[in-house]
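Below is one structure, written out as structure tokens; comments come after it.
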Protein chains: 2
Amino acid sequence: MPQRTDKSLNSEPTIKDIKQIYDVLTDEEKLKLENNHKVKHFKKNEVIYEEGEVPDSLLCLGSGKVKVYKVGFGGRDQIVRMANPTSFIGYRAFFAEGPHVASAVVIEPCTIFYIPKTIVFELLECNHQFSLNIIRSLAQELGFSRYRTVTLTQKHIRGRLAESLLVLKEIYGFEDDGMTLNVYLSREDLANFSNMTTSNAIRTLSTFVNEKVITVDGRIIKILDIETLERISKLG
Amino acid sequence: MPQRTDKSLNSEPTIKDIKQIYDVLTDEEKLKLENNHKVKHFKKNEVIYEEGEVPDSLLCLGSGKVKVYKVGFGGRDQIVRMANPTSFIGYRAFFAEGPHVASAVVIEPCTIFYIPKTIVFELLECNHQFSLNIIRSLAQELGFSRYRTVTLTQKHIRGRLAESLLVLKEIYGFEDDGMTLNVYLSREDLANFSNMTTSNAIRTLSTFVNEKVITVDGRIIKILDIETLERISKLG
DNA sequence: GGAAATATGTGTTATAAAACATAATCAGCG
DNA sequence: CGCTGATTATGTTTTATAACACATATTTCC
């Protein structure tokens, strides 16, 4: 496997890198935040939180990659979100003030900032811009979730997998070569993200390779022909 | 068809009935809201907004029933939300500050309050509790949306339809008899809410009738055996 | 370094649900 | 009032995809 170049890993992130919160704070609020948060590191496959747990902190992903999934009925999991730095993690449950309804597991080593509930609500109370950022975040994610509900229920396997690859490209982007997806998922994760069995993810990936739309080398996926991939995604 | 008793229709609602906003305002803010909103009435099947439109007001459903749906790929629509009084309508796009990604159509005659964007943002800025209500609303709806993504993709037809009936019961409740669903949908809407073809909605509804779980008289659905319905919903 | 576990790959079969076809019933309306 | 279009209903065929089975890599870790 080649070197996984990820700028966010080159230097250790700090709470100041969480722009959507740090940048809107006053100097006084910044100080409060800096003095009142914890930093935790997670290794690959570690569990960040599990379905049912009640969050008492707001989590921000400083670096690394995280999958958020719900355990399904037929044993198959559904990945409902792939998180990238710098974004909030598990914040839906935090702000709904209820338990997590999904679990979060590390895909690539993570640095996560924990901001205690009391601090978050103090900041929300005095900083109106922070509230607006949270509102916008949730509204956008709800839009995405509804979009996915429709595509995952209505598109055919090829369309679903093509769309997932494009979504991953949107979230994590390409390597420096401009074609290698900057995320390395197992076939099973890819299947769970696309609402299909692992077998069908493998099979469909192979047909995409035969059609010269992508290349696959282990978990390294290169998108050769993004227009065709978009067409496959659109047509179903 | 029997009388559709709906308390919210008995007396004309006012902006004061939108508790999640009115009740958290100061007297001064209340006055501002009362002087700066419009009231519109919609008849059955009227379009409230369509996919692509950019909202310039926050809409609150004072009375009536609304379906929110996305146009799918194979021509089939997916109903992503059934709205009841008193809740916000189309507020996801409003707060994401982008276009609507779904359309809203009247199921039962509606009274809708329009609060202009400037007023909403003025209230958000000075009233922290209002922000929190919006945040909580969006967070809860995102939770529901993700839950539905999993159930609509993984449950079998029977499970999906059973769940939809239970969800409708949660949203609109029963008539006074404690068993008649207080919402009257076409088989097509029921199908579009449950991610299945109209034929299959009709067929499955019939099997539920045969199994004495429900009765059906036109669009009037009575739930006879809610425990069995819940079991069907859970098992797939 | 080798055994065990895990992940990937491929062919075959079974099946849930869509697609199609065709009535029957109901609602609106000139 | 009877025509027209929408809605509801039901049987048959087709198909996409899950389920199963099994082979082969690849990683893990003792």
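Note that the structure is a prediction, hence the values are computed from the model and not measured. Throughout, a chain's letter reflects where its sequence line sits, starting with A, and its residues are numbered from 1.
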Open item on the list: Please tell me if A/Arg219 has a side-chain N or O lying less than 4.0 Å from either OP1 or OP2 of C/dT8.
Closed with: yes
Task: Pairs where residues 37-72 of chain B contributes a residue and the test ring pair (Phe, Tyr, Trp, His ring centres under 6.0 Å) is met, not counting sequence neighbours - done: B/His37-B/Phe113, B/Tyr49-B/His100
Task: Sorted by number, the residues of residues 200-212 of chain B with heavy-atom contact under 4.0 Å to DNA chain C - done: B/Asn200, B/Arg203
- [ ] Take the protein atom NZ of A/Lys44 and the nucleotide atom C1' of D/dT28, then report the distance between them rounded to whole Å.
- [x] 12 Å
Open item on the list: Once ring pair (Phe, Tyr, Trp, His ring centres under 6.0 Å) is applied, do any residues pair with B/Tyr172, and if so which ones, sequence neighbours excluded?
Closed with: none
Open item on the list: Can you measure A/Asp217 atom CG to D/dA25 atom C1' for me and round it to whole angstrom units?
Closed with: 13 Å
Task: Any residue meeting ring pair (Phe, Tyr, Trp, His ring centres under 6.0 Å) with A/Phe94, in chain and number order, not counting sequence neighbours - done: A/Phe121
Open item on the list: Under the rule for side chain to side chain contact (heavy atoms under 4.5 Å, CB included), what residues qualify as partners of B/Ser137, not counting sequence neighbours?
Closed with: B/Tyr91
Open item on the list: List the residues meeting side-chain hydrogen bond (donor to acceptor under 3.5 Å, both in side chains) with A/Arg231, not counting sequence neighbours, and say none if there are none.
Closed with: none
Task: Below 4.0 Å: OP1/OP2 of D/dT7 and any side-chain N or O of B/Ser186 - done: no
Task: Listed partners of B/Tyr147 passing side-chain hydrogen bond (donor to acceptor under 3.5 Å, both in side chains), at least two apart - done: B/Glu163
Task: Spacing of B/Ile157 atom CD1 relative to D/dT10 atom P, expressed in whole Å - done: 16 Å
Task: Test side-chain hydrogen bond (donor to acceptor under 3.5 Å, both in side chains) applied to A/Thr228 - qualifying residues, sequence neighbours left out - done: A/Asp225
Open item on the list: Applying side-chain hydrogen bond (donor to acceptor under 3.5 Å, both in side chains), can you list everything that pairs with A/Lys169, at least two apart in sequence or on another chain?
Closed with: none
Task: Stacked cation flag B/Arg81 on B/Phe193, 6.0 angstrom / 45 deg - done: no
Could you pull out the protein-nucleic contacts involving nucleotides 26-29 of chain C (nitrogen or oxygen on both sides, under 3.5 Å)?
none

Task: Qualifying side-chain hydrogen bond (donor to acceptor under 3.5 Å, both in side chains) pairs, either residue in residues 205-215 of chain B, two or more places apart - done: B/Arg158-B/Glu211
TODO: Five pairs at each end of the helix from C/dG1-D/dC30 to C/dG30-D/dC1: take the axis at both ends and give me the angle between them to 10°.
DONE: 40°
- [ ] Name the nucleic acid region contacted by A/Arg160, choosing base, sugar-phosphate or nothing; use a 4.0 angstrom heavy-atom cut-off, strictly under.
- [x] sugar-phosphate
Open item on the list: What is the separation between atom CG on B/Asp189 and atom P on D/dT7, rounded to the nearest whole Å?
Closed with: 9 Å
